[in-house]
Amino acid sequence: GDSTGDRTLTDAVKDYIKKQYNKPGDVFLHPVHRLDRPVSGLVIFARTSKGLERMMELFRKREVQKTYWAVVKRRPKELKGKLTHWLTKDEAKNVTTAHDEEVKGSQKAELNYKVLGEINKHFLLEIEPLTGRPHQIRVQLATMGSIIRGDLKYGYDKPNADASINLHARRLYFIHPVKKEPVICKAALPPNAFWEEFLELDPDDFKQKNLDYLHE
């Protein structure tokens, strides 16, 4: 919740659980992590306080593998690589700055990326963040020169019609903290016009269609 008063994702999921499981009264529900408002994709919720504590511990220990997809206008010089920066955040402006070297008050940020392919003069990148810093993927890609489509905050030249940016939390992998079983979650791409070319596709499809862009 924030000053806009907009309905929160937590409220929406609580309503779903009440209907799906016939839960009377209020239900316990808490997000384990966050996405920036204009970003689409997966969010994990805990339905018990014990589950919340254990899942947050997995995130703290970096035992959750996160995969994002991003659409950028400019292809990176290297088709795959690792980015390392030190980030500082201006809380008043809600803007993060990436530095090549450590500065006072900065946090180290690392991610791996690779180019999956090209569609409509835009490039699809797959990103694996190794740390979880505010606006990390957005500012690190922008610093590399590959600004995410629609991301005005970090230098894209025009907004998307729905005020989103083309950054999508595609996949999460972790070992269930109670059942000790591997869990893989995937989120379908948003049903809007620009993502349409990518809907129903996965990296194997891109490998067939864009072999020139991939280095294994």
Side-chain angles (χ1 to χ4, degrees), residues 1-70 87-96 105-112 126-140 148 150-151 153-154 162-192 195:
D2 61 15
S3 60
T4 65
D6 290 347
R7 186 168 184 250
T8 68
L9 183 58
T10 300
D11 290 339
V13 179
K14 277 186 176 182
D15 288 345
Y16 166 80
I17 289 174
K18 286 180 181 180
K19 294 177 183 178
Q20 185 74 9
Y21 300 100
N22 295 315
K23 293 280 188 180
D26 199 14
V27 298
F28 180 90
L29 190 78
H30 200 284
V32 178
H33 61 124
R34 285 181 161 193
L35 293 181
D36 295 343
R37 177 173 286 212
V39 176
S40 60
L42 282 162
V43 178
I44 294 180
F45 285 87
R47 292 181 57 196
T48 66
S49 57
K50 185 177 181 179
L52 174 63
E53 182 180 349
R54 291 185 175 184
M55 282 302 303
M56 290 183 72
E57 184 66 14
L58 289 185
F59 273 89
R60 277 195 294 269
K61 291 181 176 179
R62 300 180 187 174
E63 294 177 357
V64 178
Q65 184 185 72
K66 297 170 281 187
T67 303
Y68 287 74
W69 282 358
L87 307 185
T88 55
K89 187 175 182 183
D90 184 328
E91 296 292 347
K93 296 181 180 179
N94 193 29
V95 174
T96 297
S106 64
Q107 292 182 305
K108 190 176 184 179
E110 296 179 301
L111 62 79
N112 294 323
E126 183 172 273
I127 300 111
E128 180 187 353
L130 305 178
T131 51
R133 310 303 185 196
H135 297 188
Q136 173 181 340
I137 297 173
R138 298 166 66 180
V139 70
Q140 286 195 276
I148 296 171
D151 197 355
K153 187 182 289 285
Y154 292 101
D162 60 0
S164 70
I165 64 174
N166 287 99
L167 178 62
H168 180 71
R170 168 65 174 170
R171 178 182 179 272
L172 289 168
Y173 169 81
F174 57 94
I175 302 299
H176 194 286
V178 178
K179 298 178 181 179
K180 304 303 179 183
E181 298 172 349
V183 177
I184 297 176
C185 306
K186 288 185 178 180
L189 291 167
N192 64 44
W195 279 113

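Along the sequence shown, the residues carry numbers beginning at 1.
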For side-chain contact (heavy atoms from CB on, under 4.5 Å), just list the numbers for T67 and K186, CA-CA rounded to whole Å, side-chain angles, deciding distance to a tenth of an Å, and then say yes or no.
-> CA-CA 9 Å; T67 303; K186 288 185 178 180; over 6 Å; no
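- Minimum heavy-atom separation, A109 to T131: CA-OG1, 3.3 Å.
- Of all heavy-atom pairs spanning I127 and A70, the tightest one is CD1-CB, 3.5 Å.
- Using a 4.5 Å cut-off on side-chain heavy atoms (C-beta onward), Y68 and L111 make no contact.
- Note: L130 CG to N112 CG = 4.5 Å, rounded to the nearest 0.5 Å.
- Qualifying ring pair (Phe, Tyr, Trp, His ring centres under 6.0 Å) partners for Y154, counting only residues two or more places apart in sequence or in other chains: H135.
- Atoms CG and CG, from N166 and L189 in turn, are 9.5 Å apart once rounded to the nearest 0.5 Å.
- Between F174 and I44, the closest side-chain pair of non-hydrogen atoms falls below 4.5 Å.
- At distances below 3.5 Å, at least one donor-acceptor pair connects side-chain atoms of D90 with backbone N or O atoms of A92.
- Considering CE of M55 and NE2 of H33, their distance stands at 7.5 Å, rounded to 0.5 Å.
- Sorted by first then second residue, the side chain to side chain donor-acceptor pair (under 3.5 Å) pairs that include residues 47-60, not counting sequence neighbours, are E57-R60.
- Listed for the T8 side chain is no donor-acceptor partner under 3.5 Å among the backbone atoms of G1.
- Here the side chains of Q65 and R171 are in contact, with some heavy-atom distance below 4.5 Å.
- Of all non-hydrogen atoms in S40 and H168, the two that sit nearest each other are OG-ND1, 2.7 Å.
- For the pair P31 and L9, the minimum side-chain heavy-atom distance is 4.5 Å or more.
- D151 has its side chain out of reach of L167: every pair of non-hydrogen atoms, C-beta onward, lies at least 4.5 Å apart.
- In this structure a side-chain-to-backbone donor-acceptor pair under 3.5 Å is present from R133 to K108.
- Here the side chain of K153 pairs a donor or acceptor atom with the backbone of N94 at under 3.5 angstrom.
- The two residues L58 and I175 have their closest heavy-atom pair at CD1-O, 3.4 Å.
- The two atoms that bring P129 and I137 nearest to each other are CG-CD1, 4.2 Å, heavy atoms only.
- Proximity of W69 to E126: side-chain heavy atoms (C-beta onward) are separated by under 4.5 Å at one or more points.
- Of all heavy-atom pairs between A188 and R170, the closest is CA-NH1, 4.1 Å.
- With sequence neighbours excluded, no residue satisfies ring pair (Phe, Tyr, Trp, His ring centres under 6.0 Å) with H30.
- Put simply, CG on D15 and NZ on K18 are 6.0 Å apart, with the number rounded to the nearest 0.5 Å.
- Rounding to the nearest 0.5 Å places CZ of F45 at 13.0 Å from OH of Y16.
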